[in-house]
Every structure is written in C-alpha cells, then in structure tokens.
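Worksheet for the structure shown next.
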Number of protein chains: 2
Amino acid sequence: MKNTKDQISDILRSSHLSVTDTRVKILELFMKSSGALEHSDFEKKLAGQAFDRVTIYRTLQAFIDKGIIHKIPTTDTSVQYALCRSECSAEDHHDHHVHFKCEECGNTLCLDDTDIPAIQLPKGYAAHNIEVVVSGVCKHCK
Amino acid sequence: MKNTKDQISDILRSSHLSVTDTRVKILELFMKSSGALEHSDFEKKLAGQAFDRVTIYRTLQAFIDKGIIHKIPTTDTSVQYALCRSECSAEDHHDHHVHFKCEECGNTLCLDDTDIPAIQLPKGYAAHNIEVVVSGVCKHCK
DNA sequence: TATTTATTTGCAACAATGTTGCAAATAAAT
DNA sequence: ATTTATTTGCAACATTGTTGCAAATAAATA
C-alpha cells in the first residue's frame with residue numbers, strides 16, 4: 001500500500017511530467033477534495049506558500065493535456081476541474097458520468113457511477129461528446 | 001403580422017423593462033442570430049455604435065432576470081446566452097431542451113425539440129435542473 | 001556522484017473580462 | 001409639460017488569463 005506522495009509521483013511520471021513541488025501539491029489538493037476545484041481555490045489554499053499564479057494556470061493546463069483532470073461546464077465564468085478516474089489517459093477519456101452541482105454547499109461532484117443516457121438528436125447532427133450537469137441538493141445537504 | 005421592432009417592444013414591456021435603444025438593439029441581434037451569443041459578440045457587432053460595455057453587461061443580466069434569455073454552460077470562461085422560447089417567464093423557465101455546440105463552426109444551438117432524458121441519480125440527491133450540452137458536428141457543417 | 005541537458009518556474013508586463021458608484025440622460029407616469 | 005423613476009456612460013477598480021524570458025530545478029548522462 002503506497003502513500004499518497006508515491007501515488008502522485010507515479011501519476012506524474014506515467015504522464016511524462018517532471019515531479020515538482022507545485023504539481024505534487026496541486027494533485028494532493030485534488031485527492032483530498034471531495035469535489036471539483038477551480039483556479040481560485042488553489043490561489044486561496046496555497047496562499048502564503050510560494051506558488052505563482054501563472055504556474056497554477058500552467059499546471060492545470062498540463063494536467064488537462066495529460067488526461068489527469070477534466071473540466072466541468074458552468075454557466076458562469078469559473079472553470080471547474082476534477083480528477084479523472086484512473087482509466088483515463090490523454091488519448092482516451094471516458095468521463096462518461098454525470099456532474100452534480102449542489103445549490104446548498106456549492107460543491108460540484110462527479111457522480112462516477114451515473115451514466116449519461118443516450119440522446120436522440122435531430123437528423124444531421126453527429127455527437128462526439130455529451131456533458132450533463134445536474135443541479136440540486138446533494139445527499140450531505142438535504 | 002407585427003414587425004420585429006414592435007415584437008421587441010412588446011417583449012420588453014411585458015417584462016416591465018423600459019424600451020431603450022440598447023435593449024432593442026441587443027434583442028434584435030438575438031432574434032437575427034441562429035445560435036447563442038456571448039458578451040464579446042455584442043461588443044464586436046455594436047462596435048462603432050455608441051454602446052457602453054457596462055450597459056451590455058447590465059442589459060444581458062436584466063434579460064436573464066426577466067427570463068428573456070438563458071445561459072448555456074461551457075467549459076471555458078465564456079458565457080453563452082440564447083433566447084428563451086416564448087413560454088418562458090422570469091418565474092418559470094422551461095428550457096428543457098438540449099444544447100448543441102458544433103466543433104466546426106463554433107456555433108451553439110438550442111435544440112428546442114430535443115428533450116432532456118430523465119436521469120437516475122444516486123440515493124439522496126435531488127435534482128432541480130438538468131443541463132445537457134452535446135458537442136459534435138451540426139447539420140450545416142457535415 | 002558530478003555534470004550536462006531539458007523542463008519548469010517566477011517575474012514583469014499586458015490583455016481581456018467583469019463590477020461598482022455616481023451624475024447625466026432618457027423613458028415612463030402624472 | 002412637468003415630475004418621477006429608470007437607465008446609461010464614465011471612471012475607476014478587481015479579477016482572470018496570457019506571453020516572453022531569464023533563473024531555478026529536475027531528469028538524463030557520463
């Protein structure tokens with residue numbers, strides 16, 4: 001049974017990313033978090049510690065590129081990020097789960113076991129990807 | 001058969017909004033457009049004409065508040081807006097349709113007649129609203 | 001382990017986007 | 001036509017995201 005630091009190093013190395021303090025720290029925060037995180041969460045959580053804003057942007061983008069995290073759509077200007085399940089890779093994502101945004105606690109969760117239903121599009125439309133975001137009240141807030 | 005200007009005045013008046021140049025112009029652009037629009041589209045389309053950036057922000061917010069337009073979720077920082085169907089009001093929205101983003105032309109469309117399927121959430125979760133955004137290739141680009 | 005090479009970081013500077021208060025302008029009500 | 005309420009434009013500011021480049025760090029090699 002490996003500790004978290006080793007797990008994180010493994011993830012980074014298998015994605016061909018150097019193991020650096022910022023990347024380890026950001027992955028740790030993702031693993032500790034129950035829900036999705038956005039850029040400003042990292043600025044807050046890492047405040048005081050010497051992590052540059054720009055480095056956080058670049059780290060999140062690198063994680064996206066490597067298929068370590070994925071984005072969740074929102075109706076505001078924030079961008080929500082969540083860890084991909086272990087089966088995801090840069091080439092082949094299968095985040096085919098529903099996202100849930102709780103109106104009470106504000107948290108956004110991946111419902112990993114809730115499948116996205118098939119959708120019958122009008123004639124002439126080809127679907128490559130389907131995003132579903134449900135909002136409501138989560139089980140912790142009800 | 002009413003002309004567009006009269007239709008627009010009616011929409012504004014029935015939403016208890018004064019009929020002003022900016023509001024009429026922005027509603028016209030929505031009605032002319034085949035797809036969703038974002039803030040920067042208005043800055044571009046209205047460039048040269050004397051419409052303030054702040055006024056555009058406030059106009060879009062007012063239209064949201066009154067149920068004239070709705071937002072469409074995205075994975076970037078843009079905010080997409082589209083006209084609500086006539087049946088929508090400030091109190092009662094029924095945008096229960098699927099949104100489609102074409103990867104070719106970049107346009108985002110409301111598929112007004114494509115219903116959102118029921119989703120079986122895990123025990124303890126209550127759904128209030130469901131957003132579905134499909135990306136792929138639209139019928140004009142295929 | 002020491003050195004070289006490749007990658008990553010932090011900084012500065014900038015661009016784009018969004019917000020607020022307030023006086024002037026305009027629309028609606030009287 | 002005048003009063004009242006609403007909306008607008010401006011200025012100023014806050015937040016968010018981007019780029020180039022030199023210094024720092026990690027990985028690869030000897």
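The chains referred to below are lettered A, B, ... by the order of the sequence lines, with proteins before strands, and numbering in each begins at 1. Side-chain atoms are counted along with the backbone in the values below, which use heavy atoms only and exclude waters and symmetry mates.
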Nearest whole Å is fine: how far is [N] [atom2] from [X] [atom1]?
X      : N       : atom1 : atom2 : value
D65(B) : dT7(D)  : CG    : C1'   : 15 Å
K44(A) : dA14(D) : NZ    : C1'   : 14 Å
L12(B) : dT26(C) : CG    : C1'   : 15 Å
L60(B) : dT8(D)  : CG    : P     : 11 Å
F42(A) : dG17(D) : CZ    : C1'   : 16 Å
I8(A)  : dA26(D) : CD1   : P     : 16 Å
Y57(B) : dA14(D) : OH    : C1'   : 12 Å
R13(A) : dT8(C)  : CZ    : P     : 14 Å

Looking only at side-chain N and O atoms, does [X] come under 4.0 Å of OP1 or OP2 in [N]?
X      : N       : value
T22(B) : dT8(D)  : yes
T55(A) : dT8(C)  : no
T20(A) : dT8(C)  : no
R53(B) : dT17(C) : no

### Query
V79(A) and F63(A): same hydrophobic cluster, using ILVMFWY side-chain contacts below 4.5 Å?
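Yes.
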### Task
Select base, sugar-phosphate, or nothing to describe what R58(A) touches, counting heavy atoms under 4.0 Å on all strands.
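If one applies the 4.0 Å heavy-atom cut-off, R58(A) turns out to touch a base.
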Closest to the [X] side chain, choosing from [options]:
X      : options                   : value
V19(A) : dG17(D), dT19(D), dA27(D) : dA27(D)
D52(A) : dA27(D), dG10(C), dT9(C)  : dG10(C)
R23(A) : dT17(C), dT9(C), dA26(D)  : dT9(C)
T77(B) : dG17(D), dT8(D), dT9(C)   : dG17(D)
L17(B) : dT7(D), dT17(C), dG17(D)  : dT7(D)

### Task
Report yes or no: does S33(A) contribute a side-chain atom to a donor-acceptor pair with the main-chain N or O of L29(A) at less than 3.5 Å?
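No; zero donor-acceptor contacts below 3.5 Å.
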### Message
When you measure from the side chain of D41(A) to the backbone of E38(A), do you find a donor-acceptor pair of N or O atoms at a distance under 3.5 Å?
### Response
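Yes, the answer is positive, given that a donor and an acceptor are paired below the 3.5 Å cut-off.
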### Query
Is the closest basic N to carboxylate O distance between K5(A) and E28(A) below 4.0 Å?
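Looking at E28(A) together with K5(A), the answer is yes, because their closest N to O distance falls below 4.0 Å.
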### Task
Kindly determine whether Y57(A) and F42(A) satisfy ring-ring contact (aromatic ring centres under 6.0 Å, His included), including the steps that lead there.
CA-CA 10 Å; Y57(A) 280 111; F42(A) 296 104; over 10 Å; no
### Query
Does the side chain of V137(B) reach to within under 4.5 Å of the side chain of F100(B), using non-hydrogen atoms?
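Contact flag for V137(B)/F100(B) side chains = no.
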### Task
Return the 5'-most residue of the pair H39(A), V54(B) with respect to DNA chain D, ranking by each residue's nearest nucleotide.
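Looking at the nearest nucleotide for each, V54(B) comes out on the 5' side.
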#### Entry: Toward the 5' end of DNA chain C, by each residue's nearest nucleotide, S18(B) or D21(A)
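Of the two residues, D21(A) wins.
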### Query
With both distances kept under 3.5 Å, what pairs with dT30(C), Watson-Crick or G-U wobble?
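dT30(C) is paired with dA1(D).
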### Query
Across all strands, who's sitting opposite dA24(D) as a Watson-Crick or G-U wobble pair, both distances under 3.5 Å?
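Per the H-bond distance test, dT7(C).
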